Student: 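Below is a structure I'd like to ask you about.
Nothing here was measured: the structure is a model prediction, and the numbers come from that model.
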Amino acid sequence: MSEIFDVINIFLLILAVGIFIALRNVLGRRTGNERPPFDPYSATRDEAPQDQPAAGDNVITLPRGDDAPVAASADNRIEEKREHIDAVAAEGTALNEALRSILSADRAFDPKDFVKGAVGAYEMIVAAFAEGDRRSLKQLLSRDVYDGFVGAIADRESRKETLETTFVGLDKAEIVEAALRDGTAQVTVRFKSQLISVTRDSEGRIIDGDPNKLEDVTDIWTFAREVASRDPNWKLVATETAE
């Protein structure tokens with residue numbers, strides 16, 4: 001009887017060894033070079049994703065906006081800005097040379113973009129003055145111009161008058177003068193706009209203007225900015241109304 005069990009035990013041992021060898025051939029052996037088990041959270045802690053540059057690499061942010069094509073080099077942009085200057089003022093004129101000198105000192109300057117910004121500032125300043133919005137004016141005006149605007153607002157308020165201004169449209173905005181003096185760029189823009197302006201007294205009666213009449217207004221405003229300043233914003237430094 002024991003002989004039968006010995007034969008069975010030997011058979012089972014041979015079978016176990018065979019299974020072990022087969023599994024080893026199929027699964028292979030660890031060599032120390034295997035990739036560690038995947039941790040779905042480890043990439044956010046220890047590894048930079050493959051489609052992102054690792055820490056310390058140079059990261060290039062693509063330019064944004066229609067005025068800065070992705071494929072355009074810095075040199076191409078400068079040449080494009082010179083073309084915009086030539087479109088504003090003919091080559092060889094004092095205005096063209098002044099704008100080119102501003103571009104040389106401030107490579108971010110583009111007369112085309114400047115005019116767009118000046119138009120936006122013009123509309124905001126006209127509206128803020130009518131509403132007596134000192135906070136908005138302070139961000140857009142130089143100290144001297146701000147004091148003048150605020151003085152006019154205070155005078156109006158002392159008489160309990162209100163100014164209603166409706167900006168109807170802008171016929172034209174063009175650069176007419178420019179200069180670079182002592183590190184400060186100055187650009188003068190002539191605005192031709194249509195407004196409806198009405199002044200009312202404390203009782204709401206009209207004392208100036210006509211709510212049904214469009215007024216053609218020509219304003220000549222000068223904006224300035226220190227080219228070495230980190231602040232990219234221009235401020236209104238002088239105003240003039242053409243007759």
Side-chain angles (χ1 to χ4, degrees), residues 60-129 137 139-146 148-149 167-195 214-243:
I60 300 176
T61 302
L62 296 180
R64 299 177 181 177
D66 295 336
D67 61 324
V70 171
S73 67
D75 290 340
N76 288 340
R77 287 289 293 137
I78 292 297
E79 185 59 34
E80 181 181 346
K81 291 173 182 179
R82 292 195 183 105
E83 292 175 359
H84 292 168
I85 289 175
D86 294 343
V88 169
E91 288 188 70
T93 61
L95 179 56
N96 185 285
E97 292 177 0
L99 292 172
R100 283 177 176 260
S101 67
I102 293 175
L103 175 59
S104 296
D106 180 6
R107 296 171 68 87
F109 176 75
D110 186 329
K112 183 178 180 180
D113 295 337
F114 175 85
V115 170
K116 291 179 182 178
V119 169
Y122 178 76
E123 296 179 10
M124 290 177 62
I125 292 170
V126 169
F129 176 72
L137 291 173
Q139 298 174 354
L140 298 167
L141 312 180
S142 69
R143 181 68 185 183
D144 291 342
V145 175
Y146 174 77
F149 274 51
F167 188 86
V168 178
L170 186 71
D171 293 332
K172 193 173 184 180
E174 59 180 342
I175 296 175
V176 294
E177 291 183 17
L180 179 65
R181 300 188 183 94
D182 299 325
T184 298
Q186 292 189 350
V187 180
T188 301
V189 181
R190 180 189 289 120
F191 301 96
K192 292 184 178 181
S193 61
Q194 291 184 325
L195 305 174
L214 280 176
E215 294 184 23
D216 293 320
V217 179
T218 299
D219 288 309
I220 300 173
W221 287 8
T222 300
F223 299 86
R225 174 182 175 272
E226 293 183 11
V227 294
S229 172
R230 293 184 178 181
D231 184 358
N233 297 316
W234 295 68
K235 290 194 174 184
L236 179 63
V237 298
T239 63
E240 178 184 350
T241 300
E243 298 296 334

Student: Is there a side-chain contact between Lys81 and Leu99, using heavy atoms and a 4.5 Å cut-off?
Tutor: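 Contact flag for Lys81/Leu99 side chains = no.
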
Student: Would you sort out whether Leu236 and Leu140 count as a side chain to side chain contact (heavy atoms under 4.5 Å, CB included), showing the intermediate values?
Tutor: CA-CA 6 Å; Leu236 179 63; Leu140 298 167; over 6 Å; no

Student: For the pair Asp144 and Lys235, find out whether any cationic side-chain nitrogen is under 4.0 Å from an anionic carboxylate oxygen.
Tutor: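 Result for this pair is no, no salt bridge flagged.
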
Student: With side-chain contact (heavy atoms from CB on, under 4.5 Å) as the test, pick out the partner of Gln194 among Val217, Leu170, Asp171.
Tutor: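 Only one option passes, and that is Asp171.
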
Student: Do the side chains of Phe167 and Leu195 get nearer than 4.5 Å, heavy atoms only?
Tutor: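 Yes, at least one pair of side-chain atoms sits under 4.5 Å.
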
Student: Report yes if some heavy atom in the side chain of Val189 is under 4.5 Å from a heavy atom in the side chain of Tyr122; otherwise report no.
Tutor: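 No, every pair of side-chain atoms sits at 4.5 Å or beyond.
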
Student: Would a 4.5 Å heavy-atom cut-off, applied to side chains only, mark Ile175 and Val115 as touching?
Tutor: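 They are in side-chain contact.
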
Student: Is it the case that atom CD in Glu226 sees more than 12 heavy atoms from other parts of the structure closer than 6.0 Å?
Tutor: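 Incorrect, the count does not exceed 12.
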
Student: So, are Glu79 and Arg82 salt-bridged, with charged N and O less than 4.0 Å apart?
Tutor: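 Yes.
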
Student: Thr218 vs Arg190, test: side chain to side chain contact (heavy atoms under 4.5 Å, CB included). Steps then yes/no.
Tutor: CA-CA 7 Å; Thr218 299; Arg190 180 189 289 120; 3.8 Å; yes

Student: Kindly indicate, with the supporting measurements, whether the criterion salt bridge (Lys or Arg N to Asp or Glu O under 4.0 Å) is fulfilled by Arg77 and Glu80.
Tutor: CA-CA 5 Å; Arg77 287 289 293 137; Glu80 181 181 346; 3.0 Å; yes

Student: Are side-chain heavy atoms of Glu240 and Thr188 found at a separation under 4.5 Å?
Tutor: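 A side-chain contact under 4.5 Å is absent here.
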
Student: Is the shortest side-chain heavy-atom distance between Arg107 and Ile78 below 4.5 Å?
Tutor: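 Yes; the side chains approach each other to less than 4.5 Å.
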
